[in-house]
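Computed over heavy atoms, backbone and side chain alike; hydrogens, waters and symmetry mates excluded. Values in this document were obtained by computation on a predicted structure and should not be read as measured data.
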Amino acid sequence: MPRTRRDVWKLGGDWDETLLWYARAVKELRRRPFVDMTSWRYLAAIHGVSEQLWRHNGYLASGETLPMTTAFQRQDKDQCQHHTWYFLPWHRGYLRAFEKIVADAIAKLGGPTDWALPYWNYNDEQNPNRLKLPPAFGSTAWPDRGTNPLFVAARYGRTGHTGKPIELDPDAVELETALTQSRFVGTAKGGSPGFGGRRTALQHAFADDGDEGFLEHSPHDNVHGDIGGALNNLFNNRLAQGLMSNLCTAALDPIFWLHHANIDRLWEVWLKRRPGHLNPTHESAWMQGPDSARPFVMPEPDNKTRTTFQPSEMLDTTTPSLDYIYEDIRDPFPGADRIARRMEHLRLKVPLTAEPATAKEAQVELLGAKTDAVHLTGAEMTTRVRLDPTVSHEVLRSFQANELAARGASEPDRIFLNLENITGSSDATSFKVYIDLKPNALPHEQSENLAGIVTLFGLNEACAPDRQRGGNGLNKVLEITNVVDRFHLGGLRDLNELTLRFVLRHGRECDVSIGRISLYRQRE
């Protein structure tokens, strides 16, 4: 019978047996030498490793270096997949390898033989504590006495590294955009990146053709940034970042694994929401994963065996190789889908067609772009983007009931804001993007103008000149259709220009440059 992964907030106490045994296993794995494939550090280095950051945070002793084994240097380290359609299947294989190794350690310590990794459901609206870091991770003390293995001093967060509770911003865990995507794979560049990302090759560090799927954008990236933050809000200092803020240190924090268990669970939630929500099983490049030059590979608990896997083996969690289920995969938005929600919002009565899961590719067209780089250095920055008047007029017409009826369309045009070639110095930087705020308006008083949150998780890797993107930085995509919907209902008659206000969420200064800002419309 598959083991059951449970919600950490429903385990029955701050130090339920599941968490107590997890802490004991973390302590045991930390004792093991780095070269041991089942050690805490080796497992974290599979996700990403930086000798400078690890040494600064005390994970490499003076004179100690990274393992020089062939397997570690060539295939195991820096393996994580981000801004790619492999993000979800790779992390599922990674989580399962970790869970097996921890469960093996727990059994050898005399614990239960059916231990399963819990998850942190920060989207559970029925739980008033859902946004708080689970207490077992925020306290320096624990029942076994001594220093709590689940607490790390380098988890800076927004409150410093004093052990004070960390609480997520409710806007940072926005989930409806991801769960209401009809397609797993993104459309043409500029349009929707889909639930799971665009088609890409194997990439650890953000290749030029990659955009993250909406689930990776939120809540994944934002939770990393809100937990990690930066010490004393020094966002321009790479060494001041909390572990979870940087992909080369994130897996050193024990909360990383509960966060990713929830992201993995949300993949199951998305699949169960609607019959048309399907994995891209018809695409062999996704099913087979990368070529044999560098396959996905994970260590086994015996510290001798390494197992390769493909995305096709990560689709059914109840198979013997995965062997787990989730306690709760209920839909947090029962009955809601993107088309029905928009039709109700626009007060339109047009017969709906089924959402296209594997239909022909959507049409994507440029609305306008600002090609001069913009810089965000202080708490706020405002810029404007000019749009093509002819195309933008067609977009507004698409919101009208008679136009939709004439087209036989199921929904209006969708509009996407693309922030391209973002460069800077801190993965912990996070900002909110607002559209057409009144000049003297306080952003929090006009939440309906919020386009979304952008957290620059992975920025340093994407800016490194020796990585795949050659220092070109990150690309981020926000869907702003609902904001434009409201403008239209409010009487907007032209869409010739949009004013964007970028508001830093933490701290007062940063170092961010956006190479190009573009807007696209997408017609299904």
Side-chain angles (χ1 to χ4, degrees), residues 4-24 26 95 115-144 147-179 215 218-229 242-245 250 253-269 325-334 428 430 432 444 447 453 455 505-506:
T4 301
R5 293 180 178 175
R6 299 184 60 200
D7 184 343
V8 67
W9 280 107
K10 296 179 180 178
L11 292 177
D14 294 353
W15 280 106
D16 173 86
E17 287 291 299
T18 299
L19 287 177
L20 187 57
W21 282 110
Y22 180 43
R24 290 167 177 163
V26 170
L95 277 177
W115 184 87
L117 181 68
Y119 61 90
W120 177 12
N121 184 6
Y122 29 73
N123 295 109
D124 182 5
E125 296 283 357
Q126 304 303 311
N127 176 12
N129 295 315
R130 65 188 178 94
L131 299 173
K132 296 178 180 178
L133 184 75
F137 294 82
S139 171
T140 56
W142 70 310
D144 284 10
T147 303
N148 173 14
L150 302 184
F151 174 85
V152 289
R155 184 194 296 136
Y156 301 137
R158 287 175 288 161
T159 56
H161 63 308
T162 60
K164 294 179 181 178
I166 291 172
E167 187 165 350
L168 305 175
D169 179 347
D171 287 336
V173 295
E174 192 276 324
L175 182 59
E176 189 172 356
T177 300
L179 289 189
L215 184 67
S218 180
H220 171 266
D221 290 359
N222 296 333
V223 171
H224 270 280
D226 273 16
I227 295 175
L243 297 181
M244 278 283 282
S245 293
D253 190 333
I255 197 62
F256 168 93
W257 304 95
L258 277 70
H259 168 40
H260 269 278
N262 192 51
I263 295 298
D264 184 70
R265 182 186 70 89
L266 291 172
W267 185 7
E268 292 298 295
V269 172
I325 58 173
Y326 285 103
E327 176 182 52
D328 184 359
I329 55 171
R330 288 176 297 177
D331 184 356
F333 311 109
S430 184
K432 291 186 175 182
H444 67 273
S447 58
I453 288 178
T455 299
R505 295 177 63 222
H506 315 307

A.B. asks: Sort out for me which residue in Glu174, Lys432, His506 forms a side chain to side chain contact (heavy atoms under 4.5 Å, CB included) with Asp169.
C.D. replies: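 One option only clears the test, and that one is Lys432.
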A.B. asks: Taking atom NE2 of His224 and atom NE2 of His260, what is their separation to the nearest 0.5 Å?
C.D. replies: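 The distance works out to 3.5 Å.
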A.B. asks: Parallel, tilted or perpendicular, judged at 30° and 60°: which one describes the rings of Tyr326 and Tyr119?
C.D. replies: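 Judged by the thresholds at 30° and 60°, the geometry between Tyr326 and Tyr119 is perpendicular.
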A.B. asks: Taking atom CG of Leu215 and atom CG of Asp264, what is their separation to the nearest 0.5 Å?
C.D. replies: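 Atom-to-atom, Leu215:CG and Asp264:CG are 10.0 Å apart.
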A.B. asks: Is Leu258 close to Phe256 at the side-chain level, that is, under 4.5 Å between some pair of heavy atoms?
C.D. replies: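 In short, these two side chains do not touch, never coming nearer than 4.5 Å.
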A.B. asks: Which pair of heavy atoms, one from Arg130 and one from Asn121, lies closest together, and at what distance?
C.D. replies: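 Scanning both residues completely, I find the closest heavy atoms to be CB-O, 3.8 Å.
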A.B. asks: Just wondering, do Asp221 and Ser430 contact through their side chains at under 4.5 Å, heavy atoms?
C.D. replies: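 Sidechains of Asp221 and Ser430: no contact.
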A.B. asks: If the test is side chain to side chain contact (heavy atoms under 4.5 Å, CB included), which one of Leu175, Asp226, Ile453 qualifies with Pro219?
C.D. replies: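 So, applying the side chain to side chain contact (heavy atoms under 4.5 Å, CB included) to Pro219 and each of Leu175, Asp226, Ile453, only Leu175 qualifies.
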A.B. asks: Which atom names give the shortest non-hydrogen contact between Val269 and Asp331, and what distance separates them?
C.D. replies: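 Result for this residue pair: CG1-CA, 4.3 Å.
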A.B. asks: Would you call Asp171 and Arg505 a salt bridge, taking side-chain N to carboxylate O under 4.0 Å as the test?
C.D. replies: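 Result for this pair is no, no salt bridge flagged.
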A.B. asks: Please report the shortest heavy-atom distance between Gly229 and Ala428, naming the atom on each side.
C.D. replies: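 The pair with the smallest heavy-atom distance is O-CB, 3.3 Å.
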A.B. asks: Find the distance between CD (Gln126) and CZ (Arg330) and round it off to the nearest 0.5 Å.
C.D. replies: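 The distance works out to 8.0 Å.
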A.B. asks: Closest heavy-atom contact between Ser245 and Gly225?
C.D. replies: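 Of all heavy-atom pairs spanning Ser245 and Gly225, the closest is OG-O, 4.1 Å.
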A.B. asks: Using only atom types and a distance under 3.5 Å, with no angle test, would you say the side chain of Thr4 pairs donor to acceptor with the backbone of Ile325?
C.D. replies: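 Judged by distance alone, no pair lies under 3.5 Å.
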A.B. asks: Between Asn123 (side chain only) and Val173 (backbone N and O only), is there a donor and an acceptor less than 3.5 Å apart?
C.D. replies: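 Side chain of Asn123 to backbone of Val173: a pair is present.
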A.B. asks: Using a 4.5 Å cut-off on heavy atoms from C-beta on, say whether the side chain of Lys10 contacts that of Asp124.
C.D. replies: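 Answer yes - side chains close enough.
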A.B. asks: Take the angle between the ring planes of Trp142 and Trp15 and call it parallel below 30°, perpendicular above 60°, tilted in between.
C.D. replies: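 The arrangement is tilted - the two ring planes meet at 30° to 60°.
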A.B. asks: Kindly compute the distance separating CG (Leu133) from CG (Leu168), expressed to the nearest 0.5 Å.
C.D. replies: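 Those atoms lie 8.0 Å apart.
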A.B. asks: Could you label the plane-to-plane angle of the Trp120 and Tyr122 rings as parallel, tilted or perpendicular, counting under 30° as parallel and over 60° as perpendicular?
C.D. replies: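 Perpendicular, since the angle between the ring planes exceeds 60°.
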A.B. asks: Check whether any side-chain heavy atom of Leu243 lies under 4.5 Å from a side-chain heavy atom of Ile227, and answer yes or no.
C.D. replies: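 Contact flag for Leu243/Ile227 side chains = no.
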A.B. asks: Does Arg6 come within less than 4.0 Å of Asp16, counting only side-chain N to carboxylate O?
C.D. replies: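 So Arg6 does not pair with Asp16 through a salt bridge.
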A.B. asks: Closer than 3.5 angstrom, by distance alone: can the side chain of Trp257 be matched with the main-chain N or O of Leu95 as a donor-acceptor pair?
C.D. replies: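 A pair under 3.5 Å: no.
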A.B. asks: With rounding to the nearest 0.5 Å, note down the distance linking CG in Asp14 to CG in Leu20.
C.D. replies: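 Rounded to the nearest 0.5 Å, the CG-CG separation comes out at 12.0 Å.
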A.B. asks: Quick one: pull up CZ in Arg5 and CG in Asn262 and give me the separation to the nearest 0.5 Å.
C.D. replies: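 Going from the CZ atom of Arg5 to the CG atom of Asn262 covers 11.0 Å.
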A.B. asks: Within the 4.5 Å heavy-atom criterion, are Asp7 and Asp328 side-chain neighbours or not?
C.D. replies: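 Heavy-atom side-chain distance check fails, nothing below 4.5 Å.
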A.B. asks: If you compare all heavy atoms of Pro118 against all heavy atoms of Leu11, which two are closest, and at what distance to 0.1 Å?
C.D. replies: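 Result for this residue pair: CB-CD1, 4.3 Å.
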A.B. asks: Is the closest side-chain heavy-atom distance between Thr177 and Ser218 below 4.5 Å?
C.D. replies: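 Thr177 vs Ser218: side chains apart.
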A.B. asks: Can any side-chain N or O of Arg155 pair as donor or acceptor with the backbone N or O of Phe137 at less than 3.5 Å?
C.D. replies: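 Side chain of Arg155 to backbone of Phe137, a donor-acceptor pair under 3.5 Å: yes, one is there.
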A.B. asks: Return the minimal non-hydrogen interatomic distance between Asn148 and Ser139, and the atom names on each side.
C.D. replies: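 Looking at all heavy atoms of both residues, the shortest contact is ND2-O, 2.7 Å.
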